[in-house]
Engineer: 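Got a structure for you, questions after.
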Amino acid sequence: MKILVLGAAAGGGLPQWNCGCPNCEDARAGRLTPSGQSSLAVSADGSHWSILNASPDIRSQMQTCAALHPRSLRDTPVASVLLTNGDIDHIAGLLSLREQTPFTLFATAEIHGVLEQNRVFDAVSHDKVARREIALEASFELHPGLNAMLFAVPGKVPLFMEGETVQTDLVGEQTVGVRLSDGRKTAYYIPGCAHVPDDLLKRLQDADQLFFDGTLWDDDEMIRSGTGIKTGQRMGHISVSGPDGSIERLRGLSAAKTFIHINNTNPIWRPDSAERAYVLEHGWQVAADGQETTL
Ligand code: MLT
Ligand code: MN
Ligand code: ZN
C-alpha cells in the first residue's frame, strides 16, 4: 500500500490567508515550508488511486503529484474520493473535480446529505460521479485491492452547519475515521477526533500506520495566540499534549504514528521547537506535503 500526504495542514492551511501568526509569517517568508489542507492519496497497486478528503488545495496538490496526472486526453488515475466529514477543508475540493470525468464518491449518508443540501455540489455531475453511501463498520472496496471501513469517532457537525448549541462529542455519521487494508497491511486516517475513547484505542491495536488529528498542541492555543476564541474541545479536536491528549492516550500503540490536519498555530510545525522534539521523542512524526509511505 502506498500513502501520499497531499496536505498536512488543518482548515485554512499554512499560511492561512488572513493570519499573521509567527508560523504563517514564517511560511510566507520561506522560513517554514507551506502546507496544504488535510488530504491523503492511497493506492494498493500504484496505478489506481483514492483520495481521502478533497481539500480546497486539491488542484495544486494533484499537480505536484505525478501519480495523479491523466495518462491520456481525458483521464484520471483517481478511482474514488472518500470524505471523512462535511467540513469545507474536506469537501470544497470536489468543486475542482467537476469536469465530467467519472470516479466514485464514498461517504456516509449523513455526509452525502451535506453535499445534497448545498446545491453548488450538483456541479459534480451525478451522471458521471457515482455517490455511494457507506454504512459504518462495513467493509467496501476503494479500488481493486484496497478495502476500507468507516467508523464513528467523537466529533461534531460541520462548522458552517452549527446551530445555537453544538454537541462536540457526537458519535455518529458526521465524523468518521477510515481503516485501510490491502490484506497485508493496515492503515488508519483520522483527521478529526474530539477525544480517544477506550473502544477507539482498542480498534487501533492492529494499525501498522496511523494518521491522526494533530490540529492543536493544547486546548487554549487559539485563544492564547490571539487567533481565535474557541478551545480545541469546542472545535471538536483533541490536543496533542496533556494527560487526555493524543500522545498520552495512544502511547501504547505499536503503529507508526503521524500527526496530520495540523492547525497553522501549532508549534509542532517548527523543526526547532521543544514541542516538535517532544512529539518525535514520543515516537510520532509530523506529516509534510509530498511525504510518501509504502507499507
Ligand atoms: C475543523 O476541522 O475544525 C474545520 O476544518 C474548521 C473549518 O472548516 O474551518
Ligand atoms: Mn478541518
Ligand atoms: Zn497562522
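Counting starts at 1 for both ligands and their atoms, in listed order.
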Engineer: Please give me the minimum heavy-atom distance between Glu25 and Arg28, naming the atom from each residue.
Structural biologist: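 Scanning both residues, the minimum pair turns out to be OE2-NH1, 2.9 Å.
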Engineer: Is it the side chain, the backbone, both or neither of His90 that has a heavy atom closer than 4.0 Å to ligand 1?
Structural biologist: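 Answer for His90: neither.
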Engineer: Parallel, tilted or perpendicular: which fits the ring planes of Tyr189 and Phe211, with parallel below 30° and perpendicular above 60°?
Structural biologist: perpendicular
Engineer: Output, by chain and residue number, all protein N/O/S atoms separated from the Zn ion (ligand 3) by less than 2.8 Å.
Structural biologist: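 Listed by chain and number, the nearby protein N, O or S atoms are Cys19 SG, Cys21 SG, Cys24 SG, Asn264 OD1.
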Engineer: Does Leu97 belong to the same Ile/Leu/Val/Met/Phe/Trp/Tyr cluster as Phe121, with side-chain heavy atoms less than 4.5 Å apart forming each link?
Structural biologist: yes
Engineer: Is the backbone of Asp89 close enough, under 3.5 Å, to the side chain of Asp87 for a donor and an acceptor to pair up by distance?
Structural biologist: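 Side chain of Asp87 to backbone of Asp89: no pair is present.
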Engineer: Please check if atom CZ in Arg74 has more than 12 non-hydrogen atoms from other residues, nucleotides or ligands closer than 6.0 Å.
Structural biologist: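 Result for CZ/Arg74: open.
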Engineer: Checking salt bridge (Lys or Arg N to Asp or Glu O under 4.0 Å) for the pair Glu116/Arg131: CA distance, chi angles, key distance, verdict?
Structural biologist: CA-CA 11 Å; Glu116 294 297 339; Arg131 301 187 184 195; 3.4 Å; yes
Engineer: Is it true that Val157 and Val171 fall in one hydrophobic cluster, defined by side-chain heavy atoms closer than 4.5 Å?
Structural biologist: no
Engineer: Please work out which of the three classes, parallel, tilted or perpendicular, describes the rings of Phe259 and Trp284, given edges at 30° and 60°.
Structural biologist: parallel
Engineer: Go through Arg224 and Glu221 one step at a time and tell me if the salt bridge (Lys or Arg N to Asp or Glu O under 4.0 Å) criterion holds.
Structural biologist: CA-CA 5 Å; Arg224 202 177 52 251; Glu221 182 174 313; 5.2 Å; no
Engineer: Among Lys156, Arg234, His237, whose heavy atom sits nearest atom 1 (C) of ligand 1?
Structural biologist: His237
Engineer: Can you list the steps and then say if Arg276 with Glu281 is a salt bridge (Lys or Arg N to Asp or Glu O under 4.0 Å)?
Structural biologist: CA-CA 9 Å; Arg276 169 75 72 100; Glu281 271 165 33; over 6 Å; no
Engineer: Which of the numbered atoms in ligand 1 are below 4.0 angstrom from a heavy atom of Asp89?
Structural biologist: 5 (O)
Engineer: By residue and atom, what protein N/O/S atoms are less than 2.8 Å from the Mn ion (ligand 2)?
Structural biologist: Asp89 OD2, His261 NE2
Engineer: How far is atom 6 (C) of ligand 1 from its nearest protein heavy atom, and which residue and atom name does that atom have?
Structural biologist: Leu159 CD2, 3.9 Å
Engineer: Output the distance between atom CD1 (Ile262) and atom CG (Leu14), rounded to the nearest 0.5 Å.
Structural biologist: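 It is 9.0 Å, given to the nearest 0.5 Å.
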Engineer: With a 4.0 Å cut-off on heavy atoms, is Gln37 touching ligand 1?
Structural biologist: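 No; Gln37 lies far enough from ligand 1 that no heavy-atom distance drops under 4.0 Å.
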Engineer: Determine, using the 4.5 Å side-chain heavy-atom cutoff (strictly less than), whether Ile111 and Val129 are members of one ILVMFWY cluster.
Structural biologist: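 Same hydrophobic cluster.
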